[in-house]
Amino acid sequence: MANTLKIPNDMLPEDGRFGCGPSKIRSEQVATLNAGTTTLLGTSHRQRPVRDLVGSIREGLAEFFHLPDDYEIALGNGGASCFWEIACASLITRQAAFGSYGSFSAKFAKSAAIAPFLEDPVVYEVEPGSYCLPERTEYVDAYCWAHNETSTGVAAPVRRVEGSMEQGALTLIDGTSAAGSLPVDISQTDAYYFSPQKAFGSDGGMWWAILSPAAIERAARLEANVNLPETNRWVPPFLSLSSALDNSRKNQTLNTPAIATLIMMDDQVRWLNDNGGMDWATARCAKSASMLYSWAERSDYAEPFVTDPDARSNAVVTINLDESIPAYQVVSALRDNGIMDTGGYRKLGRNQLRIGVFPSIEPADVLALTGCIDYVVERL
Ligand SMILES: *Cc1c(COP(=O)(O)O)cnc(C)c1O
């Protein structure tokens, strides 16, 4: 750039990573990669050291999420996007109802819509910037929505649709950017799934899912007699939840996982639990988020995108800028100063900033960020 705007060093955050996934990885997590070099990295995932590592993450997550009795933690490769296809293949019997209020919640509904062996989903939809939960619907056997809609910075409640259990329907919640940042009562869900590159500050490529006994039983029943001409249902081995669970119970995965991702995730789960677990992590995210929302409310050129304060996310904060201030210029000036990934979700196409405030991010750095944004905007 011809004339780069230079933010004074003493105003800059210590760490400039504010992305919504991949998100900041703490340097202590990266240091554990060195410690694990000889016994873990480059060794077999079927042998004891890596299996113990997976076991440690599963135990740590059970502690973090206050795992209810009989719930189990499964894992596999492919990210949360893969879990949508797993759910279509192995969890939805005939038809699902969806809450759709942004890119991520819409994508799962779309997968269900194109699965040839499922009936067209019932989709409850609102414009980006708010949320809507699926309502009680006759005949459906799964209710699905996202705890945190990462594309818009909207957080939705996680509680079962009234009457859904009597109906025998499962509740499948995309917790990808919420898990580790927002409080959740796992007993309100049958599958709470996420990827590790958001609050768990690791790399992408895996999915993790907390499964209820009802979800486990549903998958077993659905998969018992598939791939036969008369059942008209195809469950590719890669999308079999039962097989993922069999492997998970042995602290393994169906195919080879990224061991570095596991090492960094294990360190993060320990760090979260050692600091006070879900209560600590969610309070820290709430503190960071409220700094941004209150700064935007005070500002004469910025305002929170999500108008309903109860729907504002404490994991992903979206801030609209006045039309006279092109957000892309602010984002680019910040990036020139080492402050990364503050742009809005591309497909949403708003003049806005989007900032990840996951537990790894220091609240003091969030405060510094607001100062840097003001500094840049005053000089554009
Ligand atoms: C990031 C994200 C996904 C996609 O995760 P991948 O690991 O890239 O598949 C899905 N849902 C939500 C809510 C997300 O934030």
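Order of appearance sets the numbers: ligands from 1, and atoms from 1 within every ligand.
Considering only non-hydrogen protein atoms, atom 9 (O) of ligand 1 sits nearest to S81 OG, 2.6 Å. Of the protein's heavy atoms, D174 OD2, 2.6 Å lies nearest to atom 11 (N) of ligand 1. When hydrogens are left out, the protein atom nearest atom 8 (O) of ligand 1 is Q197 NE2, 3.5 Å; that is the closest non-hydrogen contact. Nearest protein heavy-atom neighbour of atom 15 (O) of ligand 1: T150 OG1, 2.4 Å.
The shortest N or O to N or O distance between C82 and ligand 1 is not under 3.5 Å.
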Practice item. Tell me, with the steps shown, if S151 and K347 meet side-chain contact (heavy atoms from CB on, under 4.5 Å). Key: CA-CA 8 Å; S151 66; K347 278 193 249 162; over 6 Å; no

**Study point:** Test side-chain contact (heavy atoms from CB on, under 4.5 Å) applied to N337 and K6, step by step
**Key:** CA-CA 7 Å; N337 285 274; K6 177 85 186 76; 4.2 Å; yes

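The K198 neighbourhood of ligand 1 comprises atoms 1 (C), 2 (C), 3 (C), 14 (C), 15 (O), with distances under 4.0 Å to a heavy atom of that residue. Ligand-side atoms of ligand 1 in range of N148: 13 (C), range being under 4.0 angstrom from any heavy atom.
In S195, the part holding a heavy atom less than 4.0 Å from any atom of ligand 1 is the side chain.
In this structure, W84 has a heavy atom closer than 4.0 Å to ligand 1.
Applying the side-chain hydrogen bond (donor to acceptor under 3.5 Å, both in side chains) test between N148 and each of S181, S313, S105 identifies S313 as the sole match.
Between W271 and W280, the ring planes are perpendicular. Angles over 60° get that label, and only those under 30° would be called parallel. Below 30°, between 30° and 60°, or above 60°: for F64 and F200 the angle between ring planes is above 60°, a perpendicular geometry.
One hydrophobic cluster holds both L33 and V269 under the rule that ILVMFWY side chains link at heavy-atom gaps under 4.5 Å.
Figure legend: cation-pi geometry between K198 and F104, with NZ or CZ positioned under 6.0 Å from the six-membered ring centre and within 45° of its axis.
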